[in-house]
J.: 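First, the structure itself, so that you have it in front of you.
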There are 2 protein chains.
Amino acid sequence: MSLKHALLGFINYGPMTGYELKKFFDTSVAHFWNAELSQIYPALKQLEGDSLVEMKVEVQEDRPNRKVYSITEPGRRELIAWLAKPAEREQVREPILIKVFFGSSLSKQDLISVLQNCADETRTAVTYLEHAHQFVDKFVEAIGLQQEALFWQLTIDCGLKVHRAELEWSEDAIQKVKAADDSIFENEQHGYDGVNDVRSAMEALDRVKSLMPGALAGADKYLPSAQGKPDQQARVPTRTRAAAR
Amino acid sequence: MSLKHALLGFINYGPMTGYELKKFFDTSVAHFWNAELSQIYPALKQLEGDSLVEMKVEVQEDRPNRKVYSITEPGRRELIAWLAKPAEREQVREPILIKVFFGSSLSKQDLISVLQNCADETRTAVTYLEHAHQFVDKFVEAIGLQQEALFWQLTIDCGLKVHRAELEWSEDAIQKVKAADDSIFENEQHGYDGVNDVRSAMEALDRVKSLMPGALAGADKYLPSAQGKPDQQARVPTRTRAAAR
DNA sequence: AGACTCATGTAATTCGTTACATGATTCC
DNA sequence: GGAATCATGTAACGAATTACATGAGTCT
């Protein structure tokens, strides 16, 4: 679980409270990780239960008491062990791509609007990250932690490259959609009973798979969902489903 | 919720069962959406409850009965309305970037290994998507659905661009880490009580924010977590915390 | 007066994964 | 004989979001 380790990482900078952790999240790793206070507080309790952090109550008169968490030796060891392990890949989920995938059901104009909106939002993200770069420069100078700059900037570099690629794609996609023949849009969906069609599509799928042996072999490595499953052999079914028609 | 609409999208191609839907997911949108059968079956029930799809049991002797779902008119309307709406942005979560962000706690070699692993996995993903491109070409030809090719290929284009950008970044990052001074690694963390340090860092944060008015103004638009919240004014606190030391 | 800061949480709900359960048939 | 295909699910768990709750103090 990444959240707990991210918390450990921040607490390793110095003892702090849940409230402060939230602030650090929002101003430093917000572009690749978010955490709500309602998630941070229970997570801290669990870390404490596992003896990875220690808590001290700091009594305040004018304000609510603070619970200051500091890292323990086992906590530091756990953090470093986790950091050195290969990173898990999260399953990608892109609603925009679902919309594009089923784009033939939309009018050309509606699809372009959806893509335009995506491009605009991505552009905002890129602008944000460009500022973030300068922000980090000034911040590390202000607190004298120049040795952290490389690592922090690298995370921004990643976001910038990826978002610029996405922006490029969406602008490109708009051009391709504009250039496309009108006939492929607002696809009238056929009302037939479909059993034959879906089954024959499935057979075609199997046939193409067998024509491209190993073509999709990367899937089980690439997709987190298929990890560990053996490389299954694609083949044409012997009992042809056409007999059922 | 995207899953239900993705299911609607597939069922709109023609009536099919949950089991078949899973196959379509795995061979066509797996690179940007995954769904387990245990999630698909209840989702179909809900869609049926909302009258967006209809179910017919197809009795089979040699195999378990099939529940074939077909889309209804309200279902088609709901699908098209959803497709035309601007796409939600999912919160990005990148464990690899957490590791890089706290990279100063690792040895140079350990950080390079983590990045190397990331690069290798990303390369596999790129190769997979390159094959997927050809796969779609052959498949649309086999079933005579050339009019869908553009939309399907666009989703692969997006994955390719984004993953190539990520690959470029990770190779770049490896070079930068290799070139970095050894002294910035295996950062010995200070055991002091930290209250002053974290608080002064927080003050520095506020100061830099006020030096760059509007620099991080994009955050609330860019980050899904902060959407809708008003553009808050960054300012230097008047009651200086230094008094508390 | 109203909003925001500081500071803590709990509860409900959604979304998704993993594990468990069944059972005939068919492939190697 | 063992694995996989076909075909349906349920149950438990984990991660994350949203809503709710409290309450003094400070800023505009």
Side-chain angles (χ1 to χ4, degrees), chain A residues 1-4 6 16-23 25 33-46 55 57-69 88 90-93 95 199 202 206 223-239 241 244, chain B residues 1-4 6 16-23 25 33-46 55 57-69 88 90-93 95 199 202 206 223-239 241 244:
Chain A
M1 226 249 296
S2 301
L3 172 69
K4 284 186 196 166
M16 56 181 107
T17 69
Y19 194 82
E20 285 168 334
L21 280 159
K22 169 65 173 162
K23 284 197 171 181
F25 264 79
W33 208 276
N34 180 52
E36 296 299 325
L37 278 168
S38 59
Q39 206 188 352
I40 292 172
Y41 287 124
L44 285 171
K45 259 190 194 164
Q46 287 173 45
M55 190 264 284
V57 179
E58 230 182 75
V59 181
Q60 298 189 132
E61 292 105 56
D62 55 340
R63 295 175 173 276
N65 291 345
R66 296 154 44 90
K67 294 190 174 178
V68 182
Y69 292 87
E88 318 96 90
E90 304 253 312
Q91 169 69 42
V92 182
R93 292 190 195 273
R199 286 208 165 149
M202 218 87 96
D206 282 337
L223 301 163
S225 59
Q227 261 165 21
K229 291 180 191 168
D231 221 49
Q232 62 203 51
Q233 185 65 26
R235 78 203 133 61
V236 186
T238 30
R239 184 187 59 140
R241 274 295 165 57
Chain B
M1 226 248 296
S2 301
L3 171 69
K4 283 186 196 165
M16 56 182 107
T17 69
Y19 194 82
E20 286 168 334
L21 280 160
K22 169 64 173 162
K23 284 197 170 180
F25 264 80
W33 209 276
N34 180 53
E36 296 300 324
L37 278 169
S38 59
Q39 207 188 353
I40 292 173
Y41 288 124
L44 285 171
K45 259 189 194 165
Q46 287 173 44
M55 190 265 285
V57 178
E58 228 182 77
V59 181
Q60 298 187 132
E61 292 105 57
D62 55 341
R63 299 182 168 273
N65 291 345
R66 296 153 44 88
K67 293 191 174 178
V68 183
Y69 292 87
E88 317 95 89
E90 303 252 313
Q91 169 68 41
V92 182
R93 291 188 195 274
R199 286 208 165 150
M202 217 87 96
D206 282 337
L223 301 164
S225 60
Q227 260 165 23
K229 290 180 192 168
D231 219 50
Q232 64 203 51
Q233 186 65 28
R235 77 201 135 61
V236 187
T238 29
R239 185 187 58 139
R241 275 293 163 57

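Chain letters run A, B, ... following the sequence lines, proteins first and then strands; every chain starts at 1.
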J.: Expressed as a whole number of angstroms, how long is the span from A:D62:CG to C:dT5:P?
T.: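 Interatomic distance, CG of A:D62 to P of C:dT5: 17 Å.
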J.: Check whether any side-chain nitrogen or oxygen of A:Q39 sits under 4.0 Å from OP1 or OP2 of D:dT17, and answer yes or no.
T.: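 True: A:Q39 side-chain N/O within range (under 4.0 Å) of D:dT17 OP1/OP2.
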J.: Closest nucleotide of DNA chain D for A:W33 versus for B:K23: which of these residues is on the 5' side?
T.: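 Its nucleotide being nearer the 5' end, the pick is B:K23.
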J.: Decide yes or no, distance alone: a donor-acceptor N/O pair under 3.5 angstrom between the base of C:dT8 and the side-chain of A:T17.
T.: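 Answer no: no donor N or O sits under 3.5 Å from an acceptor.
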J.: If I compare all heavy atoms of A:L3 with all of A:A43, which pair ends up nearest, and what's the gap?
T.: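 Of all heavy-atom pairs spanning A:L3 and A:A43, the closest is CD2-CB, 4.1 Å.
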J.: Quick check for you: among D:dA15, C:dC15, C:dT18, whose closest atom lies nearest to any side-chain atom of A:M1?
T.: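 Out of D:dA15, C:dC15, C:dT18, the nucleotide with an atom closest to A:M1's side chain is D:dA15.
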J.: Determine: side-chain N/O of B:R93 to OP1/OP2 of D:dT17, distance under 4.0 Å, yes or no.
T.: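 Answer yes for this pair, as a side-chain N or O of B:R93 is under 4.0 Å from OP1 or OP2.
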J.: Of the nucleotides C:dG9, D:dT17, D:dG9, which one has an atom closest to the side chain of B:Q91?
T.: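 Given the options C:dG9, D:dT17, D:dG9, the side chain of B:Q91 is closest to D:dT17.
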J.: Please give, in whole Å, the distance from C:dT10 P to A:I40 CD1?
T.: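 To the nearest whole Å, that distance equals 14 Å.
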J.: Please check the phosphate of D:dA7 (OP1 and OP2 only) for any side-chain N or O of B:K22 closer than 4.0 Å.
T.: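 No.
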J.: Under 4.0 Å: is that the gap between some side-chain N or O of A:Q60 and OP1 or OP2 of C:dA7?
T.: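 The answer is yes; a side-chain N or O of A:Q60 sits under 4.0 Å from OP1 or OP2.
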J.: Reckon A:N65 has a side-chain N or O less than 4.0 Å from the OP1 or OP2 of C:dC6?
T.: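 It does not, given that no N or O in the side chain of A:N65 lies less than 4.0 Å from OP1 or OP2 of C:dC6.
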J.: To the nearest angstrom, how far is A:L44 atom CG from C:dA7 atom P?
T.: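 Taking CG of A:L44 and P of C:dA7, I get 14 Å after rounding.
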J.: Hey, which sits more toward the 5' end of DNA chain C by its nearest nucleotide, A:P42 or A:P64?
T.: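 It is A:P64, whose closest nucleotide lies nearer the 5' terminus.
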J.: Using whole Å, what does the distance between atom C1' of nucleotide C:dC6 and atom NZ of A:K67 come to?
T.: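 In whole Å, C:dC6 C1' lies 15 Å from A:K67 NZ.
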J.: Is the distance from OP1 or OP2 of C:dC6 to the nearest side-chain N or O of A:Y19 less than 4.0 Å?
T.: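 Yes, A:Y19 has a side-chain N/O under 4.0 Å of OP1/OP2 on C:dC6.
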J.: D:dT17 P sits how many Å from B:E90 CD, rounded?
T.: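 It is 10 Å, rounded to the nearest whole Å.
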J.: Report yes if a side-chain nitrogen or oxygen of B:R66 is closer than 4.0 Å to either non-bridging phosphate oxygen (OP1 or OP2) of D:dA7; otherwise report no.
T.: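 True: B:R66 side-chain N/O within range (under 4.0 Å) of D:dA7 OP1/OP2.
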J.: Evaluate the side-chain proximity of A:K23 to A:Y19: yes if any heavy-atom separation is below 4.5 Å, no if none is.
T.: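 Yes. Closest side-chain heavy atoms under 4.5 Å.
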J.: Among C:dG9, C:dT26, D:dA15, which nucleotide has an atom closest to any side-chain atom of A:Y41?
T.: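 So the nucleotide nearest the side chain must be C:dG9.
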J.: Quick one, B:I40 and B:K45 - any side-chain contact, counting heavy atoms below 4.5 Å?
T.: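 Side-chain contact under 4.5 Å: no.
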J.: Could you check B:L3 against A:S38 and say which one's nearest nucleotide on DNA chain C is further toward the 5' end?
T.: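 It is A:S38, whose closest nucleotide lies nearer the 5' terminus.
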J.: Using a heavy-atom cut-off of under 4.0 Å over every strand shown, decide if A:K45 touches base, sugar-phosphate, or nothing.
T.: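 The residue A:K45 makes sugar-phosphate contact but no base contact.
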J.: Consider the side chain of A:E36, meaning its heavy atoms from C-beta on, and name the nucleotide among D:dT17, C:dA7, C:dT26 that approaches it most closely.
T.: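 Among the listed nucleotides, the one closest to the side chain of A:E36 is D:dT17.
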J.: What integer distance in Å separates A:L37:CG from D:dT17:P?
T.: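 Spelled out: CG on A:L37 to P on D:dT17 is 12 Å.
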J.: Is there a side-chain contact between B:M16 and A:R199 (heavy atoms, below 4.5 Å)?
T.: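 Contact flag for B:M16/A:R199 side chains = no.
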J.: Quick one: B:Q46 CD to C:dC15 P, roughly how many Å, whole number?
T.: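 After rounding, the gap between these two atoms is 8 Å.
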J.: Measuring from B:M1:CE to B:E88:CD, what's the distance to the nearest 0.5 Å?
T.: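 Result: 10.5 Å between the selected atoms.
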J.: When rounded to the nearest 0.5 angstrom, what is the spacing between CZ in A:R66 and CE in A:M55?
T.: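 Between A:R66 CZ and A:M55 CE, I get 13.0 Å after rounding to 0.5 Å.
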J.: Can you check the B:F25 CZ to C:dT17 C1' distance for me, whole Å?
T.: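 Rounded to the whole Å, the gap is 15 Å.
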